[in-house]
Amino acid sequence: MIVKENLTNLIKSLPKEVVLVAVSKTKSIYDIQEAYDSGQRIFGENKIQEMVSKYDELPKDIQWHMIGHLQRNKVKYMAHFVSLIHGVDSFKTLKEIDKQAKKHNRVIYCLLQAKIAQEESKFGLSFKEIEKILASAEFENLKNIKVVGLMGMASFSSNIKQVDEEFQSLKVFFDKLNIIKPSILSMGMSDDYKTAIKNGSNMIRVGSAIFGERNYIV
Ligand SMILES: *Cc1c(COP(=O)(O)O)cnc(C)c1O
């Protein structure tokens, strides 16, 4: 029952406009079912194959969000059901998503991932690259994707001031950007979602604070 309790307390604490993505990567069908039975319908996964097998087993009114780094050759496996892709970090990937969405005669909603963290390891586009993509004629021609916002991950750091500044920089850029409003600003995880919300996040991706720590050795 711990999942239900964590989820209920978390949702109670959130402002109404903030959408919660329950990050269920590495977690079992049973854990997800418990969250589902508590009313949660949006789940996030970071591996395409894992998301596909969970999609196959779980209720079909779940909205599955892909939050991880994308391997282009695997986009095809989720194109028929994925509800939002958070981590689009290249124009090539966007084109592949468009191509696969077209095969299923649907439009796939995407967020462009901005690189806001100092760390080398974090994926993402620079603000300049994002502006360039959105302004390009080739982008205009992609009819089977729709960019509905941005996603960003702050540095993995206990320096709250740094995390705060990184989120803030993305919010400032997001507000200037010429995308259809209302749009999504996906930022914040278990350790930093409060700072993210303070800086204007309207979608948070929370895993361990709901499901407990992940055990990668399973
Ligand atoms: C794993 C993951 C999360 C959730 O992390 P927690 O610290 O468990 O809340 C959020 N976003 C992305 C992109 C992730 O990979």
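Each ligand, and each atom within it, is numbered from 1 in the order the structure gives. Just so it is clear, the structure is predicted and the values come from calculations on it, not from any experiment.
Side-chain atoms of Leu58 and Phe43, non-hydrogen and from C-beta on, never get closer than 4.5 Å to each other. Considering only heavy atoms from C-beta on, Leu84 stays 4.5 Å or farther from Val21 through its side chain.
Atoms of ligand 1 found under 4.0 Å from any heavy atom of Val206 (numbered from 1 in listed order, with element): 9 (O). Proximity to Gly207 (heavy-atom distance under 4.0 Å) selects the following atoms of ligand 1: 4 (C), 6 (P), 8 (O), 9 (O). Atom numbering of ligand 1 starts at 1 in the shown order; those under 4.0 Å from a heavy atom of Arg205 are 4 (C), 9 (O), 10 (C), 11 (N), 12 (C), 13 (C).
Using 4.0 Å as the threshold, Arg214 has a heavy atom nearer than that to some atom of ligand 1.
In this structure, of Glu213, Lys25, Met66, the residue bringing a heavy atom nearest to atom 14 (C) of ligand 1 is Lys25. When the heavy-atom distances from atom 12 (C) of ligand 1 to Asp191, Ile67, Ile210 are ranked, the shortest goes to Ile67. For atom 7 (O) of ligand 1, the candidate residues are Ser24, Ser208, Gly152, Gly44; the nearest heavy-atom contact is made by Ser208.
Of the options Leu94, Thr93, Asp98, a side chain to side chain contact (heavy atoms under 4.5 Å, CB included) to Cys110 is made by Leu94 and by none of the others.
Applying the ring-ring contact (aromatic ring centres under 6.0 Å, His included) test to residues at least two apart or on different chains, the pairs with a partner in residues 163-194 are Phe127-Phe173.
No donor-acceptor contact under 3.5 angstrom links the side chains of Asn9 and Glu5, judged on distance only.
The hydrophobic cluster analysis finds Phe156 isolated: no Ile, Leu, Val, Met, Phe, Trp or Tyr side chain comes under 4.5 Å of it, directly or through other members.
Looking at Ser190 next to ligand 1, an N or O pair under 3.5 Å apart turns up.
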